[in-house]
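Bear in mind that the values here come from a model prediction, so they are computed numbers and not experimental data.
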Amino acid sequence: MVCKKCGSDTFIDKGDWKVCVNCGAEIFDTNEGESPTQLAEREAEEKAEAQSEKGNEKNGGKDKPEQSKMKEVIDFLTPIIIAVIVAVLLKTLVFANAVVPTGSMLDTIQLQDRVIASRLAYVNDEVERGDIVIFINPDYDEDMPQSYGNEKYYVKRVIGLPGETVQIVNGATYITTADGEQYVLDESKYLREKAYGDFGPYEVPEGSYFMMGDNRNESHDARYWNNKYVEKDGIIGKVIFRYYRQGAGLSEMFGKVE
């Protein structure tokens, strides 16, 4: 050690300090311990830590564990909440699902089939003849017990379009368009069996549709309703997919509906 004031290397020990013999300057011996500044800083840190520990003890020492546990709960619930919100939005705005409780759509849709409909199908496109749709039963009475004929939602096929006349003669469906053209509707692709009976004529109002089931001889459809036509606002969506069939194997469990 050399005195910074006079350059002498002769000192007298005085505790943590050394006194220069030549000029009397006092120098702290850094080899012996902390400087006064370092000592003051360390004491301040120790005091702060002691106060913090005292505060934790006062709170039962639970602050940090409780915060950690709360963070774990939030991290666990966040993806679940997001998934639920997405599912609700999809069900409300994009898709609708229904369980078909009767055999009115046999053989296209089996009893107890679960189907998915697109709510967006008719945002830009018009309802077409032959579409299978989920819609609000125009005869539904919320004050009456739910039973056959009083379910809120029905699944049927669109047969008559706005402005057309529909008439069934000996089971054959005759369509008269708004332009006056008449023809027999070819339903061989989806009818379960030959239909029977005479019904109509039914003049479909503008903005409304005439619905019938594919199991024509056993279907409770527009032919028997009090309010025979379904307004476009009453159509929930177009059925596009079956995602469950009771008692079916995997090969029949899922499938396109048309």
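- Between the side chains of Asp214 and Thr108, at least one donor-acceptor pair of N or O atoms lies under 3.5 Å.
- Val239 places none of its side-chain heavy atoms less than 4.5 Å from the side chain of Val133.
- Remark: Asp139 pairs with no residue by the salt bridge (Lys or Arg N to Asp or Glu O under 4.0 Å) rule, at least two apart or across chains.
- Ile235 places a side-chain heavy atom less than 4.5 Å from the side chain of Tyr122.
- Under the side chain to side chain donor-acceptor pair (under 3.5 Å) criterion, Gln167 pairs with no residue, sequence neighbours left out.
- Checked against ring-ring contact (aromatic ring centres under 6.0 Å, His included), Tyr202 has the following partners two or more places apart in sequence or in another chain: Phe210.
- Looking at residues two or more places apart in sequence or on another chain, you find no ring-ring contact (aromatic ring centres under 6.0 Å, His included) involving Tyr153.
- A heavy-atom distance below 4.5 Å is found between the side chains of Ile132 and Met105.
- Checked by atom type, the side-chain pair Asn137/Glu151 shows no donor-acceptor distance below 3.5 Å.
- Annotation: salt bridge (Lys or Arg N to Asp or Glu O under 4.0 Å) contacts of Arg245 (sequence neighbours excluded): Asp113.
- Every residue meeting the ring-ring contact (aromatic ring centres under 6.0 Å, His included) condition with Tyr224, not counting sequence neighbours, appears here in chain and number order: Phe199.
- Looking at heavy atoms from C-beta onward, Ser219 lies in side-chain contact with Lys156 at the 4.5 angstrom threshold.
- Applying the salt bridge (charged side-chain N to carboxylate O under 4.0 Å, His left out) definition to pairs two or more places apart or across chains, those involving residues 125-138 are Glu126-Lys232, Arg129-Glu164, Asp131-Lys238.
- Checked against side chain to side chain donor-acceptor pair (under 3.5 Å), Arg242 has no partners two or more places apart in sequence or in another chain.
- No hydrogens or angles considered: a donor-acceptor pair under 3.5 Å links the side chains of Thr173 and Glu187.
- Counting heavy atoms from C-beta outward, Ile136 and Ile236 have side chains that approach closer than 4.5 Å.
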Identify all side-chain donor-acceptor contacts of residues 71-84 below 3.5 Å with residues at least two apart in sequence or on another chain.
{"from": "Lys71", "atom 1": "NZ", "to": "Asp75", "atom 2": "OD2", "distance (Å)": "3.0"}
{"from": "Thr78", "atom 1": "OG1", "to": "Ile74", "atom 2": "O", "distance (Å)": "2.6"}

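- Between Trp225 and Tyr154, the distance separating the two ring centers is shorter than 6.0 angstrom.
- In terms of the salt bridge (Lys or Arg N to Asp or Glu O under 4.0 Å) criterion, Lys228 has no residue partners (sequence neighbours excluded).
- Side-chain contact, Asp186 with Ser188: a donor N or O sits under 3.5 Å from an acceptor N or O.
- In this view, Glu142 satisfies the salt bridge (Lys or Arg N to Asp or Glu O under 4.0 Å) rule with no residue, not counting sequence neighbours.
- Counting Ile, Leu, Val, Met, Phe, Trp and Tyr side chains that sit under 4.5 Å apart, directly or through other members, Tyr196 stands alone, with no cluster partners.
- Using a distance-only test at 3.5 Å, with no hydrogens or angles considered, a donor-acceptor pair links the side chain of Tyr229 to the main chain of Glu203.
- Comment: Arg192 does not engage Glu218 in a salt bridge, judged by the lack of any side-chain N to carboxylate O separation of less than 4.0 angstrom.
- Checked options Val99, Asn97, Ile109; the residue passing with Arg114 is Val99 (criterion: side chain to side chain contact (heavy atoms under 4.5 Å, CB included)).
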